[in-house]
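Following: one structure in structure tokens, then a few remarks.
By convention in this document, chain letters (A, B, ...) are assigned in the order of the sequence lines, proteins followed by strands, and residues within each chain are numbered from 1.
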There are 2 protein chains.
Amino acid sequence: MTKDLITKSKVERPRRRSRIREAHEAKILSVSEDIFAQFGYNGTTLDSIAESAGMSKQNMLYYFPSKEVLYLRVLAKILDLWLEKLVLLDQEGEDPATMLENYIRGKIELSRLHSSGSKVFANEIINGAPYLKSHLQSKLTPILEADVGLVRSWIADSKMDSVDPYHLFFVIWSSTQTYADFSTQIQVCLKKDQLDNEDFQVASDFLAQMILKGIGLRGSL
Amino acid sequence: MTKDLITKSKVERPRRRSRIREAHEAKILSVSEDIFAQFGYNGTTLDSIAESAGMSKQNMLYYFPSKEVLYLRVLAKILDLWLEKLVLLDQEGEDPATMLENYIRGKIELSRLHSSGSKVFANEIINGAPYLKSHLQSKLTPILEADVGLVRSWIADSKMDSVDPYHLFFVIWSSTQTYADFSTQIQVCLKKDQLDNEDFQVASDFLAQMILKGIGLRGSL
DNA sequence: GTCTATAAGGGGATAGAC
DNA sequence: GTCTATCCCCTTATAGAC
């Protein structure tokens, strides 16, 4: 307590985190995401991250005390971004078809804009989610339960086919994330070096149409 | 040449690979698959594989000269199993709906029975397929092209909706493989310790129904 | 905050006896 | 084919000067 007061009176500024610290931490987090995505946790070396961030490894360890701490920060950042998009409920007054279509298109957009983050997340889950499992249980499950309840109410109101809501979400998650996680395979199949905006457009049009029609929310176009 | 003759005359048996070699190689390959699946290439130690296989690391290196060679053998084994199931064409005389349904159910079955293999494969692709890319280009693409051509012919004959065949296969692959690759996440969502046969049954029923209906191959049940 | 130096340990791979 | 012993590099992390 006394310590806080002293610190404050001594420096005269509201921020206790220096500008350079903010910038360096942000830079490190950003390049870490790309490198963890490409090489996985164990395949990533602190040296490679430091080099991409333009500083020495020792200097980087001044900002993040260990590789594990850095990885956890990267994971947390991604998870928050993800969970934000998973909430189906916060679209007041829309009909089921529109809400689900927005959900699907939003997830594809996440794959397009945050493909590295998606890959880090995917690596973590495939390997049994050693760092993430408890967070998934505490944060993902409640959101999913709410969304599942909403779908159940639509089914009860005969607005759509009677399908298993959980598996509906699983197919939406997997089919949208594949455009990030498995982009290498998709590029090989489409014989392209990179997926462009049009590829993502075609993917989201197709997925929205097929899924909505598949659960009785839409006829043929 | 001379050497071959000598060897043959000396040992009097048709196999040049001893029984014990066969058994040990098979054991090593089998446990490697599980361990690579859980820890990824870099996270896997030769010690852990050797221990699971019941031999010393040095002994294991007698059968597989390096970690990389072992990994490539594991990958090759999985890829062959995969490609076998990807052929849509070899079902003479079936209608499109039945063929696609068999394809979907076959892929789910692969996820159920070879979940470790699927995870190794997924890890490899997410990380940019450094070892697998050329094989994908040479072996996967031709099979996919044939399947795509078949779907196009169905569309031309107005047997199904006019959808992009590539993206149709992408959604089938991703939504079926997710039950292997992302099993941890699915277990968390379903609040189960393991996915059982019934979960896979529900999943394949749901996916077959939703996808077929979604592309105009089936009405509501 | 950044640098040089270095500790400490892990893990892939080889040599050679048996 | 299997074992003991060992090499050697890579990588994380710390110590301490500036």
Nearest-Å distance for atom pair CE/P, residues A/Met60 and D/dT11: 13 Å
Pair B/Asp205, B/Gln201: side-chain N/O donor-acceptor within cut-off below 3.5 Å: yes
Nucleotide N/O to protein N/O under 3.5 Å, stretch nucleotides 11-15 of chain C:
residue: C/dG12; atom: OP1; partner: B/Thr44; partner atom: O; Å: 3.2
residue: C/dG12; atom: OP1; partner: B/Lys67; partner atom: NZ; Å: 3.1
residue: C/dG12; atom: OP2; partner: B/Leu46; partner atom: N; Å: 2.8
residue: C/dG12; atom: N7; partner: B/Lys57; partner atom: NZ; Å: 3.0
residue: C/dA13; atom: OP2; partner: B/Lys67; partner atom: N; Å: 2.9

Contact list for residues 111-132 of chain B, test salt bridge (Lys or Arg N to Asp or Glu O under 4.0 Å), sequence neighbours left out: B/Glu109-B/Arg112
What is the distance from CD1 of A/Ile35 to P of D/dT11, rounded to the nearest Å? 13 Å
Check ring-ring contact (aromatic ring centres under 6.0 Å, His included) between A/Phe200 and all other residues, then give those that pass, not counting sequence neighbours. none
So, OP1 or OP2 of D/dT2: does either fall under 4.0 Å of a side-chain N or O from B/Ser56? no
Atom CD of A/Glu25 and atom P of C/dT2 are separated, to the nearest Å, by 12 Å
Establish, with yes or no, whether the OP1 or OP2 oxygen of D/dT14 is under 4.0 angstrom from a side-chain nitrogen or oxygen of A/Tyr62. no
Over how many whole Å does the gap from B/Phe39 atom CZ to C/dG10 atom P extend? 16 Å
Test of ring centre spacing under 6.0 Å for A/Tyr103 and A/Phe169: yes
Taking side chain to side chain contact (heavy atoms under 4.5 Å, CB included) as the criterion, tell me which of A/Asp147, A/Val151, A/Ile215 meets it with A/Pro165. A/Val151
Between CZ of A/Phe64 and P of D/dT11 the distance, given in whole Å, is 21 Å
Cation-pi geometry met for A/Lys67 and A/Tyr41 (6.0 Å, 45°): yes
